Amino acid sequence: EESGVPGAESRDPSSPSAGADPRRDTPTGAVFCADPALGSDAAAASLPEGFAGQLSFRGADSLGYDETVSALQRLGMLVSWAQAQQARVAARLEVLFARDIADASGREEPALALSLAAAEASAVLNIPHMTAMQLISESSRLCADAPETIARLSEGKIAIQHARII
């Protein structure tokens, strides 16, 4: 199964060893779950719409040099991929607010749509409002004006810092 995450291997979440380090009785790594209240089997069955699979990391303390460099590279690619997805979703949030405002008032109010999208992003991401305004604005420009750049970011070929410059 293709995960869409660069460098990620798929794993059967129903496997008894999924997420466990076979060399240790206690896990030393990290497992990301969209809802930490759910167990691993329940998490796979009830991820939010648009999400699939499980991502785990066995822990840096057990890696050798080559594995460490490879893990660092893959984590960088994962971060770039996640930032591209966040940009797409943040831009979509602004589009949805703009649509709702236009439907309700009969006119376009781009500044209001940006502000409302930033307020929502600020609340859900636990970031300051002005930081959220920058995120929404930057994301909208990236998605609308630079589709090749966001594609390269999503592939893990560039970092968000490069995308901002391009």
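In this text the structure is predicted, and so the values were computed from the model without any measurement. When reading the values below, keep in mind they use all heavy atoms of this one structure, side chains included, and skip hydrogens, waters and symmetry mates.
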Decide yes or no on side chain to side chain contact (heavy atoms under 4.5 Å, CB included) for Leu135 and Gln86, but give the supporting numbers first. CA-CA 9 Å; Leu135 171 69; Gln86 184 180 51; 4.1 Å; yes
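Rounded to the nearest 0.5 Å, atoms OG1 (Thr131) and CD (Glu138) are 11.0 Å apart. Rounding to the nearest 0.5 Å gives a distance of 9.0 Å between CG of Leu142 and CD1 of Ile166. Taken to the nearest 0.5 Å, the CG atom of Leu112 stands 11.0 Å off from the CG atom of Asp100.
Of all the heavy atoms in Leu153 and Ile160, the pair that sits closest is CD1-N, 3.5 Å. The nearest pair of heavy atoms linking Ala132 to Ala118 is CB-O, 3.2 Å. Residues Ala144 and Pro147 approach most closely at O-CD, 4.4 Å, considering heavy atoms. Residues Ser122 and Pro128 approach most closely at OG-C, 3.7 Å, considering heavy atoms.
Within the 3.5 Å criterion, the main-chain N or O of Ile158 finds a donor-acceptor partner in the side chain of Ser80. A donor-acceptor pair under 3.5 Å is absent between the side-chain atoms of Ser139 and the main chain of Arg88, judged by distance alone. Not one N or O on the side chain of Ser154 forms a donor-acceptor pair closer than 3.5 Å with the backbone of Ile150. Glu120 contributes no side-chain N or O that, together with a main-chain N or O of Leu116, makes up a donor-acceptor pair within less than 3.5 Å. A donor-acceptor pair is defined here as one N or O able to donate and one able to accept, closer than 3.5 Å; no such pair exists between the side chain of Ser137 and the backbone of Met133.
Leu114 places a side-chain heavy atom less than 4.5 Å from the side chain of Glu94. Gln134 is not listed as a side-chain neighbour of Met130, based on a closest heavy-atom distance of 4.5 Å or more.
Few gaps surround CD on Glu67; more than 12 heavy atoms of other groups in view lie less than 6.0 Å from it. The environment of His129 atom NE2 is dense: over 12 non-hydrogen atoms of other residues, nucleotides or ligands sit within 6.0 angstrom.
Here Tyr65 is tied into one hydrophobic group with Val69, each link being a pair of ILVMFWY side chains closer than 4.5 Å.
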